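Just below is one structure, and these are the notes that go with it.
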Amino acid sequence: MAARIAITTRIKSSSSFLLGSRSMSSWWGNVNPAPKDPILGVTEAFLADPSPDKVNVGVGAYRDDNGKPVVLDCVREAERRVAGNLNMEYLPMGGSNKMVDETLKLAYGEDSDLIKDKRIAAIQALSGTGACRIFADFQKRFSPDSQIYIPAPTWSNHHNIWRDADVPQRTFHYYHPETKGLDFASLMDDVKNAPNGSFFLLHACAHNPTGVDPTVEQWKEISYQFKVKGHFAFFDMAYQGFASGDPERDAKSIRIFLEDGHLIGCSQSYAKNMGLYGQRVGCLSLVCEDEKQAVAVKSQLQQLARPMYSNPPVHGALIVSIILGDPDLKKLWLKEVKGMADRIIGMRTSLRENIEKLGSPLSWEHITNQIGMFCYSGMTPEQVDRLTKEFHIYMTRNGRISMAGVTSGNVEYLAKAIHEVTKAA
Amino acid sequence: MASTALPSVCPSAVLSFQDKCKDKTKCAFFGKGKQTLSIKTKSNGQITMAVAVNTSRFDNITMAPPDPILGVSEAFKADTSEMKLNLGVGAYRTEELQPYVLKVVKKAENLMLERGENKEYLPIEGLAAFNKATAELLFGADNPVLHQQRVATIQGLSGTGSLRVAAALIERYFPGAKVLISSPTWGNHKNIFNDARVPWSEYRYYDPKTVGLDFDGMIADIKAAPEGSFVLLHGCAHNPTGIDPTLEQWEKIADVIQEKNHFPFFDVAYQGFASGSLDEDASSVRLFAARGMELLVAQSYSKNLGLYAERVGAINVLCSSADAAVRVKSQLKRIARPMYSNPPVHGARIVANVVGNPDFFNEWKDEMEMMAGRIKSVRQKLYNNLSAKDKSGKDWSFVLKQIGMFSFTGLNKAQSDNMTDKWHIYMTKDGRISLAGLSAAKCEYLADAIIDSYHNVS
């Protein structure tokens, strides 16, 4: 307060504006510079690098074999149909119903009884981030004493989301550094030891950042144990279609839980699988007991959205609705998604072969075992720093490589660099 | 593939689970706690035991009330009367009562389509070209504060999203500080500050006796607030009343804010829509900036560029130094990242293209003058009808004095209900009508309804 009073006297005495260098007091003296976002900060650094050899395998955004961003043909066609024609009136708070309906079919199945019986409360959300955030706020509001169990490791923004929603978080074992695979035994222990009725965040497919997914059998066991313990499963599905190339297959974990009767929650994103990154299109859904409850829950989700952004952006939702609502466009989309997934699978094979060709003493089979956009290389932050400083290769310091940034043009260079920094390990 | 392993169910585990659920405190989420133990046999030979599947955690979740503003449109849609008129949400309509996509927006969209730009993530702070354009529109391209780089701007999710990010900044760095909001104000302001956990209180604003500004009450309440409060001001075209301070009154408001070391926080959702001129409508903000004050300013392009559903806006923090602006911007980003990661690109590109192209920009200014002009003319027509048809001698001139999309009719809740129930005219219960939804053809009907509700309902 004393500082504030001092500020008052200084402001009182000056009625004209002061140039920046003068010591005019500010309200923001105690605002420190925030640390750079560990993921999005990588791209910033990459863009600032003048080296012609630079490679960006940081953020999870798909690139074609020339390293260029891709706008899918189905999306271009949908945009042609949209441009300048429709009005831009506010969507309802819950977003585009058409887009939500189509999106639920992808997660829950075309013939899902839950959809037929209208038991799913769902709203259009600001991509995956927005869906997780609304869910976290919903969890805080309606289950205020609960906490969230988050896999270790996970997408870094998950921690920010539940923290800003004021929900305490704990981690559960997931990644096994020795095998660079799933630490299934410890995962199951954590599930069993958590108090009954705990909330768990699960990655439906193509785990970010590790690329390590449970097998179908393992998912079944997890689902079973969740039932015994009465746990709540919240699925973050940001890569449906991107893991195997087949969206139906990639939703298998969710379908297993649904078959077992779990009342799950789900976040879906079109950022990657439809390449709509900057449009911010996604969906949050919660399975309820019956239609009446779904209506009530949806109204509460809208109640959380209204003071955050009122209603969601329309453009991306229109694109999704047009594509999924037109059988030919939908077929084209499925083909293009498979194309993207196949290119990544090809690059996995290529990267592994190239490193092995150089005679690396280490095992690199995890590159092809892991699935989806990312490879958890096992490199240390120090090794990653070397990759950046010496080779101008940009990735997050947890050693996560975005395979989408690997091309036939840079895979050899990347392999060489990785070999260089790891061969002494 | 048939599974030969039978998952082992420990009956005691099941029972103890059921017992635990009888304990309400442990299972607040479980509601009635009905459990069914069923055995499902699948055709592939695998047997699954379903344990406690049908209990939902959402049993105690009640239906949220309909939004007082957005709920109006929903009710309007459901009304089958031919006479119905939607004066609820503030969305511009043509004389034919159709939504309006600005010609310049269509041109910008077609240009964007031709260019075939990609859809990559924007940075957390949004589209750089948009941020530059929006700050210039607000402060004036030649404003020294911009040359000195003292403004931290990030693209936000229209007005709502920008306000919410600012509210989160206040909560984080000024815990316990209050926001003073006008009585009345846009209904969602309170929700935003509540959800951001920022305490608020009201300052007097609307005077029902004069249907004008309670200036003395406003000044007194701002003075009485604890030092260092945030004062939420509508930059122009106050929502819901349409009553704006004069320039002279703005100076006095700035005086008392400086005197009490309060922080001015502008919500600018109608720049260009009030007077028809972008610069004129920004004069309150520029007045405060010229006095060397630090400011928070939220902007929206929903109305003035008709981009409603694209959710385009910005939050600007005018700081006393470039260094502070850099730090503040980094913290705004830190708030946005766990909310939505980065803002939607489409609307921002439209704005950047319109503002960045001199021909488009001039076209926009013309279209905005046209929209503001249509509203001014229906105001006049409504006033003419009210004065001509109401024989009571009531002074309806406040309709002309108010500015922007809305008019505060002075009707109370019962009277507003009468407007809807008897006349099928949809408005918000605080007596606000959106003139943007009024056509010249309907002015007489509206006047009749207002006169009836005012005089015959209490």
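This one's a predicted model, so the numbers in the text were calculated from it and none came from an experiment. Residue numbering restarts at 1 for every chain, and letters A, B, ... go by the order of the sequence lines.
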Hey, are B/His346 and B/Glu109 close enough side-chain-wise for a donor-acceptor pair under 3.5 Å? yes

Contacting region of B/Leu169 [heavy-atom separation from chain A under 4.5 Å]: side chain

Under 4.5 Å to a heavy atom of chain B? For A/Asp166 that would be side chain

Contact origin within A/Pro312 toward chain B - heavy atom pairs under 4.5 Å: backbone

Need one label for A/Val71: side chain, backbone, both or neither, based on atoms under 4.5 Å from any heavy atom in chain B. side chain

Report which part of B/Arg93 has an atom under 4.5 Å of a heavy atom belonging to chain A: side chain, backbone, both, or neither. side chain

Of B/Phe193, B/Tyr173, B/Phe174, which is the lone residue that meets ring-ring contact (aromatic ring centres under 6.0 Å, His included) with B/Phe230? B/Phe174

Of B/Asn342, B/Leu113, B/Ile192, the largest count of non-hydrogen pairs under 4.5 angstrom with chain A goes to B/Asn342

By a 4.5 Å heavy-atom criterion (distance strictly below it), what part of B/Pro123 contacts chain A: side chain, backbone, both, or neither? neither

Given B/Glu125 and B/Lys333, is the salt bridge (charged side-chain N to carboxylate O under 4.0 Å, His left out) satisfied, shown in steps? CA-CA 6 Å; B/Glu125 68 262 36; B/Lys333 285 162 67 168; 3.3 Å; yes

Look at A/Arg141, A/Arg163, A/Lys292 and state which one has the largest set of heavy-atom pairs under 4.5 Å with chain B. A/Arg141

Examine the side chains of A/Arg306 and B/Asn191 and answer whether a donor and an acceptor come within less than 3.5 Å of each other. no

Given heavy-atom pairs under 4.5 angstrom as the criterion, report whether the side chain, backbone, both or neither of A/Lys140 touches chain B. neither

Part of B/Lys103 within contact of chain A (heavy atom distance under 4.5 Å): neither

Distance col, row B/Tyr308:OH vs B/Tyr92:OH, nearest 0.5 angstrom, shows 9.0 Å

For A/Lys68, is there an ion pair with B/Glu120 - N to carboxylate O distance below 4.0 angstrom? no

For chain A, the option from B/Ile335, B/Leu163, B/Val317, B/Val328 that forms the most heavy-atom pairs under 4.5 Å: B/Val328

Do A/Ser127 and A/Thr129 meet the criterion of a side-chain donor-acceptor pair at a distance under 3.5 Å? no

Would A/Tyr309 and B/Tyr340 count as a close aromatic pair, with their ring centres under 6.0 Å? no

In terms of heavy-atom proximity below 4.5 Å to chain B, should A/Val75 be classed as side chain, backbone, both, or neither? side chain

ring-ring contact (aromatic ring centres under 6.0 Å, His included), that's the test. Do A/Phe199 and A/Phe234 meet it? Break it down for me. CA-CA 7 Å; A/Phe199 286 69; A/Phe234 183 73; 9.4 Å; no

Answer with side chain, backbone, both or neither: which region of B/Glu117 has an atom nearer than 4.5 Å to a non-hydrogen atom of chain A? backbone

Could you tell me how the ring of A/Phe257 sits relative to the ring of A/His262: parallel (under 30°), tilted (30 to 60°) or perpendicular (over 60°)? tilted

Selection from B/Ala196, B/Ser162, B/Gly313, B/Gly161 maximising heavy-atom pairs under 4.5 Å formed with chain A: B/Gly161

Residue that, paired with B/Leu307, satisfies side chain to side chain contact (heavy atoms under 4.5 Å, CB included) out of B/Val312, B/Val101, B/Leu102: B/Val312

May I ask you to decide if the ring planes of B/Trp186 and B/His189 are parallel, tilted or perpendicular, using 30° and 60° as cut-offs? perpendicular

Counting heavy-atom pairs closer than 4.5 Å to chain B, which one of A/Met93, A/His158, A/Arg133, A/Gln303 comes out on top? A/Arg133

What part of B/Ser341 gets closer than 4.5 Å to chain A, counting heavy atoms only: side chain, backbone, both or neither? both

Using non-hydrogen atoms only, which part of A/Gln302 is less than 4.5 Å away from chain B: side chain, backbone, both, or neither? neither

Quick check on the interface: out of B/Gln331, B/Gln149, B/Arg334, who has the most heavy-atom pairs with chain A under 4.5 Å? B/Gln331

Okay, B/Asn188 and chain A: the region with an atom under 4.5 Å from a heavy atom over there is side chain

Counting heavy-atom pairs under 4.5 Å to chain B, which of A/Leu126, A/Asn32, A/Thr43, A/Asn157 comes out on top? A/Asn157

